[in-house]
Number of protein chains: 2
Amino acid sequence: MPKSRHLQADHIHAIGLKATVPRLKVLELFKDASRHHLSAEEIYRSLTSDGSEMSLATIYRVLIQFEQAGLLVRHHFESGKAVFELKQGEHHDHLICLVCGRVEEFCDDEIERLQHAVVEARGYRLHEHALALYGVCAAPECQARQDAVLPRRGGAPRGR
Amino acid sequence: MPKSRHLQADHIHAIGLKATVPRLKVLELFKDASRHHLSAEEIYRSLTSDGSEMSLATIYRVLIQFEQAGLLVRHHFESGKAVFELKQGEHHDHLICLVCGRVEEFCDDEIERLQHAVVEARGYRLHEHALALYGVCAAPECQARQDAVLPRRGGAPRGR
DNA sequence: ATCAGTGCAAAGCTTTTGCATAGTG
DNA sequence: CACTATGCAAAAGCTTTGCACTGAT
């Protein structure tokens with residue numbers, strides 16, 4: 001068993017869970033993946049096509065546990081389905097391409113600061129915040145299909 | 001028939017739809033409502049308890065049409081169900097109380113400007129953006145139930 | 001050996017859709 | 001009167017759950 005596998009097992013033990021195959025696979029996927037944002041369905045397909053059989057129900061359960069443990073963050077964006085992301089040190093915001101679905105991350109301290117100012121001005125106690133910018137990314141294929149974005153509900157490619 | 005009713009009928013004709021009872025009722029609800037943000041289910045309950053019978057399917061259809069016509073905007077926030085809002089002149093962002101579910105609106109030109117800067121720096125073409133701040137509002141009842149917010153999935157009161 | 005975790009299948013919720021009927025212009 | 005819109009009920013899509021079995025510690 002490779003060392004990294006041990007490390008991940010420890011990571012899972014640390015949050016009070018047993019190091020089972022499904023949990024290791026899911027964690028590994030998030031660590032390796034070039035795509036940082038994954039839906040339950042995408043995780044299922046990705047693991048299944050790698051030969052790891054695992055039920056969708058288990059994936060949902062693992063995702064919920066990892067989220068509760070603070071390992072993952074859940075986002076809703078505009079798609080009607082939840083996507084998850086490894087929670088890494090810094091908070092960041094998202095830039096989403098409406099054509100290809102690609103998600104980029106960015107940080108802007110000035111925006112953060114202004115957000116806090118708004119919250120304080122209204123007497124709220126802030127728990128979290130989500131800023132998502134939806135547009136068409138710089139890729140030529142996407143720029144070429146700009147209009148594919150407009151027709152339906154001003155919105156993203158929906159999976160329903 | 002009151003004059004305002006005529007005006008709303010015109011409003012609906014203007015977007016190429018027939019002025020039917022369901023459409024007028026839904027529009028009226030959004031115009032009158034103290035709550036600006038409503039889900040399909042809330043609209044259904046609200047109209048039903050006012051004596052107007054109308055099927056949920058129709059409400060969904062009306063909402064889709066109004067959204068396509070640019071009369072309403074759809075938001076997803078963190079709840080897993082969509083909420084709609086009358087599209088009024090200015091774009092604005094949202095401040096959501098995780099305890100009572102209240103939604104407040106705010107505008108901050110400086111934040112808007114910084115968002116555009118981010119998008120341009122990455123070569124995106126911006127279509128829309130959504131900034132949502134989740135916290136606990138100033139109401140004493142909500143402040144008192146702060147902890148009701150934490151237990152599950154970092155999140156909002158979920159309806160699933 | 002014990003208790004947590006998994007798979008399967010069924011159920012839950014929100015949202016969409018097909019089709020016959022009713023209503024608008 | 002022609003065509004759209006509605007209601008109903010069924011279906012679809014995502015997510016959760018009950019229960020009996022499997023597996024980690």
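Quick caveat, the model's predicted, so the values are computed rather than measured. Chain A is the first sequence line, chain B the second, and so forth, proteins listed ahead of strands; every chain is numbered from 1.
Not a single ring-ring contact (aromatic ring centres under 6.0 Å, His included) links B/F30 to another residue, sequence neighbours left out. Applying the side chain to side chain contact (heavy atoms under 4.5 Å, CB included) test to A/A139 and every residue at least two apart in sequence or in another chain returns A/C137, A/E141, A/C142. The salt bridge (Lys or Arg N to Asp or Glu O under 4.0 Å) check on A/R45 picks up A/E41, with sequence neighbours excluded. Considering only residues two or more places apart in sequence or on other chains, A/E110 meets the salt bridge (Lys or Arg N to Asp or Glu O under 4.0 Å) condition with A/R113. In this structure, B/E120 has no side-chain hydrogen bond (donor to acceptor under 3.5 Å, both in side chains) partners at least two apart in sequence or on a different chain. The side chain to side chain contact (heavy atoms under 4.5 Å, CB included) check on B/S46 picks up B/L29, with sequence neighbours excluded.
Applying the 4.0 Å criterion to OP1 and OP2 of D/dT25, one finds that A/H13 has a side-chain N or O inside that range.
Note on ring orientation: taking the six-membered ring where Trp is involved, the planes of A/H94 and A/H37 are perpendicular (angle over 60°, cut-offs 30° and 60°).
Closest contact between the side chain of A/R23 and the listed nucleotides C/dG5, D/dT15, D/dT6 involves C/dG5.
Rounded to 10 degrees, the angle between the two end axes of the helix from C/dA1-D/dT25 to C/dG25-D/dC1 is 30°, with five pairs used at each end.
Distance, A/L17 CG to C/dC3 C1': 14 Å, rounded to whole Å. Summarising the geometry, the separation between OH on B/Y44 and P on D/dG7 is reported as 9 Å, rounded to the nearest angstrom. As a whole-Å value, the separation of B/H76 NE2 from D/dC14 P is 13 Å. We find that CD of A/Q68 is positioned 15 Å from C1' of C/dA4, with the value rounded to whole Å. In this structure, A/D10 atom CG and D/dT25 atom P are separated by 11 Å, rounded to whole Å. Counting to the nearest Å, the P atom of D/dA12 and the CD atom of A/E41 are 16 Å from each other. Protein atom CG of B/L24 is 14 Å distant from nucleotide atom C1' of C/dG25, rounded to whole Å. Between the C1' atom of D/dA5 and the CD1 atom of B/I12 lies a distance of 12 Å, rounded to the nearest Å.
The hydrophobic side chain of B/V73 is isolated, with no ILVMFWY side chain under 4.5 Å apart from it.
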List, with names and distances, any nitrogen or oxygen atoms from the protein found under 3.5 Å away from nitrogen or oxygen atoms belonging to nucleotides 21-23 of chain D.
none

Please set out all donor-acceptor pairs under 3.5 angstrom arising from side-chain atoms of residues 14-23 of chain A, sequence neighbours excluded.
| unit_1 | atom_1 | unit_2 | atom_2 | d |
| --- | --- | --- | --- | --- |
| A/R23 | NE | A/K18 | O | 3.0 |
| A/R23 | NH1 | A/Q65 | OE1 | 2.8 |
| A/R23 | NH2 | A/K18 | O | 3.3 |

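The salt bridge (charged side-chain N to carboxylate O under 4.0 Å, His left out) analysis of residues 85-102 of chain B, with sequence neighbours excluded, yields the pairs B/R102-B/E104.
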(request) Give the intermediate values and the outcome of salt bridge (charged side-chain N to carboxylate O under 4.0 Å, His left out) for residues A/E42 and A/R35. (result) CA-CA 10 Å; A/E42 285 167 344; A/R35 288 181 53 104; 3.5 Å; yes
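Residues from residues 48-63 of chain B that place a heavy atom under 4.0 Å from any atom of DNA chain C, listed by number: B/A57, B/Y60, B/R61.
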